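Just below is one structure, and these are the notes that go with it.
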Amino acid sequence: MRMKTPYGHNVYAMAAEYPSAAVLYEAAKRVRDAGFRRWDVYSPFPIHGMDEAMGLGKSWLSGWFCSAEFLDF
């Protein structure tokens with residue numbers, strides 16, 4: 001999905017500001033449902049459930065660190 005400006009140029013980034021964490025959470029679900037795959041959310045504090053709202057899977061880092069701890073690295 002390629003977005004274009006009215007002048008025909010490619011859009012590489014967009015930004016928005018939301019009044020609350022709840023509104024940001026709902027916006028993230030809408031972006032995910034719209035089919036965007038490479039995007040991020042920034043917040044000054046963690047928002048519970050944001051990974052699910054963004055459609056992210058479980059991180060492989062937790063398994064890596066558990067393995068390293070088990071092998072005593």
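These numbers were taken from a predicted model, which means no experiment stands behind them.
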What salt bridge (charged side-chain N to carboxylate O under 4.0 Å, His left out) pairs are there with at least one residue in residues 9-26, not counting sequence neighbours?
E26-K29

Residue pairs, two or more places apart or on separate chains, that pass salt bridge (charged side-chain N to carboxylate O under 4.0 Å, His left out) and touch residues 44-56
none

Quick one: does S43's side chain have a donor or acceptor within less than 3.5 Å of a partner on P46's backbone?
no

Close side-chain approach of [X] and [Y], heavy atoms under 4.5 Å:
X: L56; Y: M50; answer: no
X: Y12; Y: N10; answer: yes
X: W39; Y: M54; answer: yes

Distance, nearest 0.5 Å, that separates CZ of F36 from CZ of R30
13.5 Å

Linking I/L/V/M/F/W/Y whenever their side-chain heavy atoms sit closer than 4.5 Å, directly or via other members, would F45 and V23 fall into one cluster?
yes

Quick one, R32 with R37, criterion side chain to side chain contact (heavy atoms under 4.5 Å, CB included). Give me CA distance, side-chain angles, the key distance, then yes/no.
CA-CA 7 Å; R32 175 202 64 208; R37 294 180 293 168; over 6 Å; no

